[in-house]
2 protein chains.
Amino acid sequence: MSVLIVDDEERDRLWLKGLLTSRLEGPLTIYEAHDGQEAVDAAMKYKPQLVFLDIKMPKLSGIKAAEQILSKLPETGVVILSNFSDEVYVRQLWKVVPPNGVFGYVLKNASDDQVAEAAKAVLSGDCWIHPGIARVIQRTQNRATNLTAAEYEALVCIALGLTDHEIATRLYLTEKAVQSRLKALYAKLGIPGRGESPDVDFNQRCRAVYLSNRRGLINQSELEEWESRLLASRTTAGS
Amino acid sequence: MSVLIVDDEERDRLWLKGLLTSRLEGPLTIYEAHDGQEAVDAAMKYKPQLVFLDIKMPKLSGIKAAEQILSKLPETGVVILSNFSDEVYVRQLWKVVPPNGVFGYVLKNASDDQVAEAAKAVLSGDCWIHPGIARVIQRTQNRATNLTAAEYEALVCIALGLTDHEIATRLYLTEKAVQSRLKALYAKLGIPGRGESPDVDFNQRCRAVYLSNRRGLINQSELEEWESRLLASRTTAGS
DNA sequence: GATAAATTCAGGGTTTTCCCTGAATTTGGG
DNA sequence: CCCAAATTCAGGGAAAACCCTGAATTTATC
């Protein structure tokens with residue numbers, strides 16, 4: 001039995017290592033990595049049955065590392081360790097894991113029992129998803145509330161503070177098209193239009209950002225990545 | 001020597017307990033509490049020299065707990081443990097700690113050495129602030145960039161998605177006054193006006209929210225508290 | 001391939017946000 | 001008490017965001 005533990009924080013690595021050592025029966029080999037890049041390299045080298053991946057890591061996020069590992073070694077059991085129940089990450093993970101692949105999704109405030117359970121489940125071919133995220137997953141698959149890629153794109157743009165016109169330019173669309181996307185987005189988020197609400201009048205744009213943050217559809221660190229990408233493309237390949 | 005450790009996560013409590021036991025010389029008594037309310041009670045009862053407080057806790061936040069403890073026992077050394085370098089919290093803490101009071105501010109990704117250092121510093125009457133927050137503190141005291149209470153209030157409102165008109169109603173102001181506040185806010189955040197920017201056109205409202213999040217002036221959980229308060233006041237004391 | 005759904009785009013109208021100037025008022029120190 | 005700074009408020013104007021309807025296209029799905 002071999003396990004790869006990937007986390008940039010020593011404290012968490014120690015905790016996991018201790019936990020797995022005491023809870024998993026049989027001989028156990030543990031490898032460690034400190035970031036996504038190391039994780040991919042180590043996985044290639046040692047081909048562990050199980051990989052524990054922190055989401056927030058320098059160089060390569062846990063999700064991206066999982067993607068690369070699974071593309072080479074689809075048999076690997078992946079367990080994601082996350083601090084939040086962010087819908088963004090669940091969405092991304094969903095795309096990355098092969099249809100018949102196995103994965104676990106554990107929040108960092110999980111009990112030791114839960115982590116051990118998740119590890120065992122994934123090893124024996126089952127998925128294990130933290131209770132409380134089940135809800136998020138459901139939403140991820142629900143047509144009515146699940147955002148399309150287009151809507152998500154628009155969401156990120158307004159969250160960064162772009163105007164309709166800027167968004168249109170950047171995405172090669174008309175302003176009207178952008179407004180269409182936004183309208184659909186507001187509807188899915190359940191934001192009332194002007195005068196549609198009994199007691200509170202909202203600025204839909206800002207309200208959409210707020211609610212999306214609340215639901216974990218977007219979060220600050222994701223946005224910051226998007227920003228650097230969007231602004232870079234402008235400076236580099238300027239018109 | 002007595003220390004009170006307050007954190008709702010067992011893992012972190014254990015970590016801190018082990019750390020302090022091994023690093024602090026002399027006989028050591030450690031008390032524990034799981035939330036802000038318990039913390040205040042325990043502090044009253046045991047009068048520890050040092051209190052370690054997590055910021056995010058059920059019932060009473062670390063800051064508020066610190067406020068109550070310091071109002072009764074101003075001699076207590078308070079060390080805040082936070083996951084982020086959020087400016088909101090530093091601002092709040094600044095107000096709560098008496099002018100001659102002692103406090104520490106440690107990020108949770110701090111090394112064991114740093115935590116031990118912070119504990120010793122506070123015990124011997126010095127403040128200890130995590131490197132990287134120094135910058136935030138400076139900004140907190142800088143006239144030009146530091147937000148006034150009025151601007152902060154406006155910021156929270158737009159971040160929640162309220163319109164100018166709604167804000168005016170809620171704060172008993174004119175729409176024009178609200179716009180004044182917002183204008184000042186945008187200026188302090190350094191957001192370019194229409195056409196003032198060479199390459200990107202921003203929706204100032206959303207941009208302000210984004211940048212404030214980035215700088216830690218506001219954050220999601222704070223906003224959610226504000227929301228429940230603002231919406232409650234409407235339903236309860238209507239008109 | 002046909003149906004349904006999502007997406008783009010248009011025209012034209014209303015409201016909101018943002019801009020500029022400027023004055024009365026409040027606030028905090030010296 | 002007075003100055004300087006912050007704050008509130010006003011009027012009027014330009015731009016952006018939102019609303020409605022409706023049609024042509026693309027995209028999935030059966």
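The sequence lines fix the lettering, A, B, ..., with proteins before strands; numbering per chain opens at 1.
In this structure, B:E153 atom CD and D:dA6 atom P are separated by 18 Å, rounded to whole Å. Rounded to an integer number of Å, the gap from CD of B:E175 to C1' of C:dT16 is 8 Å. To the nearest angstrom, C1' of D:dA17 lies 15 Å from CD of A:E166. In this structure, OH of A:Y172 is placed 14 Å from P of C:dC9, rounded to the nearest angstrom. Taking atom CD1 on B:I167 and atom C1' on C:dT17, their separation rounds to 11 Å, with Å as the unit. Taking atom CG of residue B:L173 and atom P of nucleotide D:dA10, one finds them 11 Å apart after rounding to whole Å. Following rounding to the nearest Å, A:H165 (NE2) and D:dC18 (P) show an atom-to-atom distance of 16 Å. B:L185 places its CG atom 10 Å from the P atom of C:dC18, with the value rounded to the nearest Å.
The side chain of B:T174 sits closest to D:dC9 out of D:dC9, C:dT17, D:dA16. When each of D:dA16, D:dT7, C:dT8 is scored by its nearest atom to the side-chain atoms of A:A177, the top-ranked nucleotide is C:dT8.
For the pair A:R181 and C:dT7, the criterion of a side-chain N or O lying under 4.0 Å from OP1 or OP2 is not met. Close to C:dT7, at under 4.0 Å from its OP1 or OP2, lies a side-chain N or O of A:T148. Residue B:N203 places at least one side-chain N or O closer than 4.0 Å to OP1 or OP2 of D:dA17.
Judged as a side chain to side chain donor-acceptor pair (under 3.5 Å), and not counting sequence neighbours, the contacts of B:Q220 are B:E224. In this structure A:D7 satisfies the side chain to side chain donor-acceptor pair (under 3.5 Å) test together with A:K108, sequence neighbours excluded. Every residue two or more places apart in sequence or in another chain was checked for a salt bridge (charged side-chain N to carboxylate O under 4.0 Å, His left out) with B:D201, and none qualifies. Checked against salt bridge (charged side-chain N to carboxylate O under 4.0 Å, His left out), A:E222 has no partners two or more places apart in sequence or in another chain. When the salt bridge (charged side-chain N to carboxylate O under 4.0 Å, His left out) test is applied to B:E153, the partners found at least two apart in sequence or on another chain are B:R181. Under the side-chain contact (heavy atoms from CB on, under 4.5 Å) criterion, B:S221 pairs with B:K56, B:Y89, B:N219, not counting sequence neighbours.
Side-chain atoms of A:Y186 and A:L211, non-hydrogen and from C-beta on, never get closer than 4.5 Å to each other.
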Could you pull out every donor-acceptor pair under 3.5 Å between side chains of residues 154-164 of chain B and any protein atom, sequence neighbours left out?
residue, atom, partner, partner atom, Å
B:T163, OG1, B:E166, N, 3.2
B:D164, OD1, B:R205, NH1, 3.0
B:D164, OD1, B:R205, NH2, 2.9
B:D164, OD2, B:Q179, NE2, 3.3

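The C1' atoms of five pairs define one axis at each end of the helix from C:dG1-D:dC30 to C:dT16-D:dA15, and these two axes lie 30° apart (to 10°).
At least one donor-acceptor pair under 3.5 Å links the side chain of A:K47 to the backbone N or O of A:M44.
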Sugar-phosphate or base contact per nucleotide [nucleotides 19-26 of chain C; S, B, -; heavy atom under 4.0 Å]: B-B-----
